[in-house]
Structures are given as C-alpha cells and as structure tokens.
*Asks:* 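Below you'll find the structure I mean.
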Amino acid sequence: MKGNFVSVALVVIGALALAVNLDWLEFDLVALLRKWWPLALIGLGLALFLTPDGTAPKRD
C-alpha cells in the first residue's frame with residue numbers, strides 16, 4: 001500500500017507540473033499549499049495507519 005501511494009502521488013504531481021509547464025492549466029501552487037497543507041498531514045497519517053507493519057500475530 002505504501003509503495004503504491006507514493007507511486008500514484010509522484011505520477012499525479014508530475015502530470016500537474018507538466019500541465020502547468022505546457023500552459024494547459026494555471027494555478028498558484030504557493031497559494032494552494034498555504035490553504036490545503038493540513039490535508040497532506042491527514043493523508044500521511046492515514047497512509048501510515050493503513051500500512052501493515054509486519055507484526056501480525058503468528059497462527060498455530
């Protein structure tokens with residue numbers, strides 16, 4: 001799960017950066033980050049919570 005999340009996040013960020021560079025999309029990244037930075041903390045917390053840590057109890 002953790003590897004998939006990072007992979008998808010990188011693809012989305014790269015696609016957005018490409019769209020801005022090609023003038024297909026206009027937005028102010030700094031203003032967006034100022035307003036929505038707590039969402040990154042929530043997402044990180046959820047990703048850490050839902051990622052298995054490998055300490056499952058052994059079954060006999």
Side-chain angles (χ1 to χ4, degrees):
M1 168 98 180
K2 192 174 187 179
N4 291 340
F5 176 76
V6 172
S7 300
V8 171
L10 287 174
V11 168
V12 169
I13 291 169
L16 286 174
L18 180 63
V20 169
N21 285 341
L22 294 174
D23 291 328
W24 292 348
L25 185 64
E26 284 188 33
F27 66 91
D28 186 10
L29 183 61
V30 174
L32 187 68
L33 289 175
R34 281 186 192 148
K35 186 172 188 175
W36 292 99
W37 69 267
L39 189 59
L41 294 177
I42 294 169
L44 181 62
L46 283 173
L48 290 173
F49 181 74
L50 296 175
T51 301
D53 58 358
T55 58
K58 288 186 174 184
R59 293 185 182 179
D60 290 332

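Heavy-atom basis, side chains included; hydrogens, waters and symmetry copies ignored. Note that the structure is predicted; figures quoted are calculated from it, not measured.
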*Asks:* Which residues, ordered by chain and number, are linked to V11 in its hydrophobic cluster, where ILVMFWY side chains connect at heavy-atom gaps below 4.5 Å, directly or through other members?
*Replies:*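 Members other than V11 - counting any ILVMFWY side chain reachable under 4.5 Å - there are none.
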*Asks:* Please say yes or no: joined through hydrophobic side-chain contacts below 4.5 Å, possibly via intermediate residues, are V8 and L16 part of one cluster?
*Replies:*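 Same cluster.
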*Asks:* Look up atom CG in L25 and atom CG in L18, then write down how far apart they are to the nearest 0.5 Å.
*Replies:*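 The CG atom of L25 sits 10.5 Å away from the CG atom of L18.
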*Asks:* What pairs of donor and acceptor atoms, side-chain ones from residues 29-40 against any protein atom, are under 3.5 angstrom apart with sequence neighbours left out?
*Replies:*
none

